[in-house]
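As the structure is a prediction and not an experimental result, all values here were calculated from the model.
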Amino acid sequence: FVLRPKYKHLGQTLQLLLIFLLALTSAISALDNGLMRTPPMGWMSWERFRCNIDCENDSKNCISENIFRDMADRLAEDGWKEMGYDHVMIDDCWSSMLRDKVGRLQPDLQRFPGGIAKLARYLHDRGLKLGIYGDLGTHTCEGYPGTTLDKIDTDAQTFASWGVDFLKLDACYPLMSKALNATGRTIGYSCSWPAYRGGLPPSECFIMLPVTQ
């Protein structure tokens, strides 16, 4: 059809939109590895339990393996998994304050005595997936060890060795995506700017390394 003169600008706009959509589709296709074809759904600890680590006085509400096992049971036994809620996500405050002797992240063994790998197997046995949290920088927002640039490959390999299925990383950095893919394990990857980018005071989060291409 032929557009009248007063509608030509509309035709040009539609052409540009079509070109953009085709380019976007090509970009998505190039990154398609079979993961995240639908939005991941499940349960995450942060909104309810935050960084409660007082298991001595508040054992039912502290960040520990017990909470995540219980939530896995609820998703698997109460019908949530059948509706697509198949992720159980560990947020901040799961780790020890120190890396191990060879520089790997490790869980707080008082609160996660079985380790993350055992917890992942517990979820996998119930048809669920385990997600975990990290932060690109020296520390997480709650002061636990972060992933510095020299630890990206190490942390990706550690998560893969534990059987982790999903990584939520504060700060977006392409090298982590590449490192996760290089592990040979299919791991979903969600990166986001941490909350302090939206206005929290600097004391709320620790220094982040600059993100460069």
Side-chain angles (χ1 to χ4, degrees), residues 24-46 63 65 67-77 79-95 99-100 102-107 112 114-137 140 144-194 211 213:
L24 180 61
T25 301
S26 299
I28 293 173
S29 177
L31 296 173
D32 184 13
N33 61 2
L35 293 175
M36 304 296 109
R37 292 184 176 180
T38 59
M41 300 193 300
W43 179 87
M44 180 179 286
S45 61
W46 185 256
I63 300 301
E65 64 183 31
I67 280 182
F68 300 100
R69 289 166 65 99
D70 289 345
M71 291 302 168
D73 291 342
R74 298 285 60 79
L75 293 185
E77 297 172 12
W80 295 101
K81 183 181 71 171
E82 286 69 25
M83 293 189 291
Y85 294 88
D86 60 357
H87 283 66
V88 175
M89 306 290 295
I90 305 173
D91 212 289
D92 205 348
C93 308
W94 60 268
S95 76
R99 289 175 176 264
D100 68 15
V102 294
R104 295 172 300 194
L105 291 170
Q106 56 183 344
F112 293 84
I116 302 299
K118 185 175 180 179
L119 180 59
R121 290 194 297 271
Y122 188 88
L123 267 69
H124 296 160
D125 289 345
R126 286 151 182 78
L128 302 171
K129 298 177 181 179
L130 178 67
I132 204 164
Y133 163 87
D135 193 319
L136 184 72
T140 71
Y144 290 83
T147 298
T148 51
L149 296 182
D150 61 319
K151 295 296 185 183
I152 289 177
D153 290 333
T154 298
D155 291 354
Q157 291 290 341
T158 299
F159 296 144
S161 71
W162 288 341
V164 166
D165 304 290
F166 191 96
L167 172 63
K168 173 196 170 188
L169 185 74
D170 275 350
C172 295
Y173 201 73
L175 286 182
M176 177 56 82
S177 177
K178 295 177 181 178
L180 292 173
N181 284 329
T183 67
R185 179 172 180 78
T186 53
I187 300 175
Y189 178 43
S190 171
C191 64
S192 61
W193 291 113
V211 177
Q213 295 293 336

Are the side chain of Arg185 and the backbone N or O of Ser161 linked by a donor-acceptor pair below 3.5 Å?
no
Note: Ala120 and Gly163 closest approach over all heavy atoms is CB-O, 3.9 Å
So OG of Ser190 and NE2 of His87: to nearest 0.5 Å the spacing works out to 10.0 Å
d(Thr183 OG1, Gln157 CD) to nearest 0.5 Å is 6.0 Å
Trp94 (side chain) donor-acceptor with Tyr133 (main chain) under 3.5 angstrom: yes
Between Ala171 and Leu136, the two heavy atoms sitting closest are CB-CB, 3.9 Å
Tightest non-hydrogen contact, residues Pro145 and Thr140, listed as O-CG2, 3.7 Å
- Side chains of Met176 and Thr147: does their closest heavy-atom pair fall under 4.5 Å? yes
| said: Assess whether a salt bridge exists between Arg104 and Asp100, defined as any Lys/Arg side-chain N lying under 4.0 Å from an Asp/Glu carboxylate O. | reply: yes
So CD1 of Ile63 and OG of Ser45: to nearest 0.5 Å the spacing works out to 4.0 Å
task = Could you check if a side-chain atom of Lys118 sits within less than 4.5 angstrom of a side-chain atom of Glu65, using non-hydrogen atoms only?
result = no
Hey, does Leu123 have a side-chain heavy atom less than 4.5 Å from the side chain of Lys129? no
Closest non-hydrogen contact found for Phe112 with Pro107 is CB-CB, 3.9 Å
I want to check something: taking the side chain as every heavy atom from C-beta on, are Asp165 and Ile187 in contact at a cut-off of under 4.5 Å? no
> Would you say Leu130 and Tyr122 make side-chain contact, with heavy atoms under 4.5 Å?
Replying inline: no
What one should report as the nearest heavy-atom pair of Met41 and Met83 is CE-O, 3.6 Å
| query | Would the number of heavy atoms belonging to other residues, nucleotides or ligands and lying under 6.0 Å from OH of Tyr85 be above 12? | reply | no
Would you mind reporting whether Tyr144 and Cys93 have side-chain heavy atoms less than 4.5 Å apart?
yes
Taken to the nearest 0.5 Å, the spacing of Lys168 NZ from Asp135 CG works out to 9.5 Å
One should read off an interatomic distance between Thr148 OG1 and Asp155 CG, to the nearest 0.5 angstrom, of 7.5 Å
Nearest heavy-atom contact between Thr154 and Asp150 is OG1-O, 4.5 Å
Separation between CD1 (Ile132) and CG (Leu169), nearest 0.5 Å, reads 11.5 Å
Answer whether the closest heavy-atom distance between the side chains of Asp73 and Arg126 falls below 4.5 Å. yes
Set out, in order, the CA-CA distance, both residues' side-chain angles and the distance that settles side chain to side chain contact (heavy atoms under 4.5 Å, CB included) for Ile116 and Phe68, then state yes or no. CA-CA 11 Å; Ile116 302 299; Phe68 300 100; over 6 Å; no
*asked:* Quick one, Met71 and Leu128 - any side-chain contact, counting heavy atoms below 4.5 Å?
replied: no
Determine whether Ile90 and Leu119 satisfy the following criterion, side chain to side chain contact (heavy atoms under 4.5 Å, CB included), listing intermediate values before the conclusion. CA-CA 11 Å; Ile90 305 173; Leu119 180 59; 3.8 Å; yes
Check your understanding: Just wondering, more than 12 heavy atoms not from Trp46 lying within 6.0 Å of its CH2?
Key -> yes
